[in-house]
Amino acid sequence: MAPKRKTSGPAAARSQQSTLTFNGRSSKITKPSATTPSTKAAKKLDAADIPTPPETSQIDVEDIADTSAEKAVLEQAQEEAERVAVQKTPEEEEASKITEAQIKKYWREKESKRMVKRIHQEDVSVHERVLREFDITSQYGPSIGIARMKRWQRAHRLGLKPPMEVLAVLLKEQEADNIKAQRSHVDELMSSRFNES
Amino acid sequence: MVRNDEFDTSERVASSYNPLHTFRLPKGEDRRYQHQFADMYFLRLAQVKPMVEEIAQEAWADFKIAGESPRRVDRVLDVRQGELCWMAGTVYMEMPLKPNVLDDISKEHWIAAPPVREKFLSDDALDQVMLEDESGRLRLTGAYLKTQILVTGCIIAALGTENANGEFEVIDTKVADLPRQPERWERDEASAALSGKKVKQERPKAGKVAFVSGLDISGADDETIGLDLLKSYLLGEVGSVNVATDIDRARVSRLIIAGNSFADSSPIPSRDEVIVRKQSKKYGYDSTTFNPAPSAALDSFLADLLPSLPITLLPGVNDPANVALPQQPLHPALFMRSRNYANPPGVNGNAKGEEEPSWFDSVTNPWDGDVDGWRMLGNGGQPIDDLYRYVEGDERLDMMESVLRWRIGAPTAPDTLWSYPFQDDDPLLIKECPHVFFVGNQPRFESRVIEGPLGQQVRLIAIPRFRESKTIVLLDAETLAVETMAFD
């Protein structure tokens, strides 16, 4: 056995070899430059640098996870947009003739039936309000997991007579390439990641 | 030397066949599983409710109890206490013994799994029947409910009143009843008319259609006797020497195999068994996991029959097809010799782009189509077996009759029967009344003719399992009479 080494107290421990450390302070991998990058970044960070969220209309379907329900709905919406671009069905022809004024009139009539105006919808456009009302109407079926356009078509095929104004709004949104408007708001709320409990 | 024309040869009667592809699902990527199943219930309610309401309106418009006439209620939740009213909705059975995902989780934590229950019925107090539509659910009570077959998913109209407990006491119910039945040869004549051919063609006299199910082939030795006898019968080799009088066997024009051709011999191993198996590596293929004997045995059975007899093959619950309804056709790769008699993939027969029906037709489960002009609808037994677990008793024909009268082919799908999530259209709805409704893999042979309000007549056939009963069912395609043939 090797002879025992004598160590005694903290004073002796300090005189030994320096030990290996892997913290960033004592072992630098890079050469220190004139100005360290961390200080530079701290100065520049302000409200203007926070990236704005991408425009809703430019959302790319490929960016979303493959198996999510959101992707399924948006793919449906894209198929419907392509179908309408090629050939419109008779009800779509009729609906594309409906003007903004008529849509607003339809919405005013719906609002007038209620006793109080809808709260929390001040910053929502009339189009989106009409579509949300369409989502909640349960007689046309569940609105989750299906694009709004497809839901309207399905309700029409089953003879449930969904309002033409809703189709007009959907066509206008399609022309504006607003693919996000095809997913119902209820769907977004129910599948939001903050809803996991 | 014996001259051949001393003995009359008998020719097999031709079978006229025109299948429908109602239950085919889109292939591969086009199948979407992110859809909600609520869409299926909505589709059923939206399509069947108008018809139920029409029938209920006719029946109850003049109905009076103590001078009060019933009022129609739009939504299930709009009923008022003490008022006689009726509404239509989907039935939902709240049964605590139904398979519950919590049981699966507890199976993973505890060693012993609870035994599979034969029926979901529990004591009366625990099972609840509810009527549901888009607005909500309403609990139904009353002694009348016990006289009816009710399962989750069937759509009925219920007449009654709300009592003090908030439950709806039912006095009477109505269902949509049988839909319109097409005439015999209607589809063939329609397509002939469209293509400009002469409509009223002389139809040759149709033969017999043989139904068999539950062959349960596993390649074992003890089953070959029954199969060989069946083969000999169908090929016309068995019977009396005098061919001219014994014409029965040559009259079998088609064989329809209604599910469970393969035996349940290699069940899916549980997670523990898979781990044990993974640890013991073997060279080559592991014969405990893959055994080619069953498909080879079935293939040789079919290939012996196919040269002279056209066959329609439906998959069943034990067959290697998908688990969820509608099961897609068995892949031709399973049948090395028999697939020579099937159409090669991607072949379009006539100019209209419709597929020519192939001699060996591997079809979906459930399946519908025209055989000898009659519209037939059939399945491999899963919907009826699942329905059996909801109701008391074992009256299979009553269950089959209810399925037709509700116009929903598999009412318990997707609740306790796995199903593809249909979003746009539910092919499990019965839109046209068949002439023959056959269900395979039933405990015994039963048959009955039921009648509909518009004069429809449907022959119900419950086909027994061949492995146990050794019987097949023969349907006379001219008179729609049934008889059985036993091979033991």
Side-chain angles (χ1 to χ4, degrees), chain A residues 61-62 64-80 82-84 89 91 133-163 170 179 182-193 195, chain B residues 25-54 72-78 87-90 92 131-138 153 155 176 179 407-408 414-415 419-429 431:
Chain A
V61 180
E62 283 80 37
I64 310 167
D66 257 335
T67 50
S68 76
E70 191 184 345
K71 174 155 190 185
V73 172
L74 294 178
E75 271 177 6
Q76 282 181 355
Q78 269 185 340
E79 278 170 28
E80 286 290 310
E82 281 156 27
R83 181 190 60 81
V84 169
T89 60
E91 54 271 3
E133 170 76 24
F134 176 62
D135 289 340
I136 304 176
T137 326
S138 56
Q139 77 184 100
Y140 306 127
S143 59
I144 298 180
I146 190 171
R148 280 167 171 163
M149 181 63 112
K150 279 198 84 175
R151 182 162 173 256
W152 196 97
Q153 296 291 352
R154 180 178 73 183
H156 181 81
R157 224 180 318 124
L158 292 171
L160 301 167
K161 299 193 186 57
L170 284 169
I179 206 165
Q182 289 290 338
R183 187 165 183 231
S184 93
H185 190 64
V186 184
D187 200 352
E188 283 172 28
L189 290 174
M190 294 293 274
S191 56
S192 135
R193 58 197 170 92
N195 209 18
Chain B
L25 292 175
K27 299 242 181 239
E29 289 249 321
D30 295 332
R31 261 182 237 186
R32 297 290 158 84
Y33 288 95
Q34 292 108 336
H35 298 160
Q36 302 270 323
F37 286 106
D39 288 319
M40 274 179 76
Y41 285 113
F42 163 68
L43 284 169
R44 285 182 192 170
L45 193 62
Q47 294 184 37
V48 179
K49 189 167 163 176
M51 294 169 239
V52 177
E53 290 192 330
E54 213 180 282
R72 181 179 162 264
V73 172
D74 267 333
R75 302 185 323 157
V76 158
L77 295 181
D78 284 341
M87 70 284 189
T90 315
Y92 175 71
L131 198 64
E132 176 183 317
D133 73 354
E134 291 106 11
S135 60
R137 280 186 188 168
L138 180 66
I155 295 174
R407 299 198 197 186
I408 301 174
D415 191 24
S419 158
Y420 175 76
F422 293 107
Q423 198 178 54
D424 286 323
D425 194 21
D426 188 359
L428 294 170
L429 284 173
K431 298 205 176 78

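First the proteins, then the strands, lettered A, B, ... as listed; each starts at 1.
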Contact residues of residues 150-157 of chain A (partner chain B; heavy-atom separation under 4.5 angstrom): A:Lys150, A:Arg154, A:Arg157

Determine, stepwise, if the pair A:Leu158 / B:Gln47 fulfils side chain to side chain contact (heavy atoms under 4.5 Å, CB included). CA-CA 7 Å; A:Leu158 292 171; B:Gln47 294 184 37; 3.4 Å; yes

State which residues pass side-chain hydrogen bond (donor to acceptor under 3.5 Å, both in side chains) with B:Gln36; sequence neighbours excluded, sorted by chain then number. none

What residues, two or more places apart in sequence or in another chain, satisfy salt bridge (Lys or Arg N to Asp or Glu O under 4.0 Å) together with B:Arg72? B:Glu53, B:Asp74

Just to verify, what does B:Glu54 make a salt bridge (Lys or Arg N to Asp or Glu O under 4.0 Å) with, not counting sequence neighbours? none

Of the non-hydrogen atoms in A:Pro142 and B:Phe42, which two are nearest, and what is the gap between them? CD-CB, 3.7 Å

Side chain, backbone, both or neither: which part of A:Leu160 has a non-hydrogen atom closer than 4.5 Å to chain B? side chain

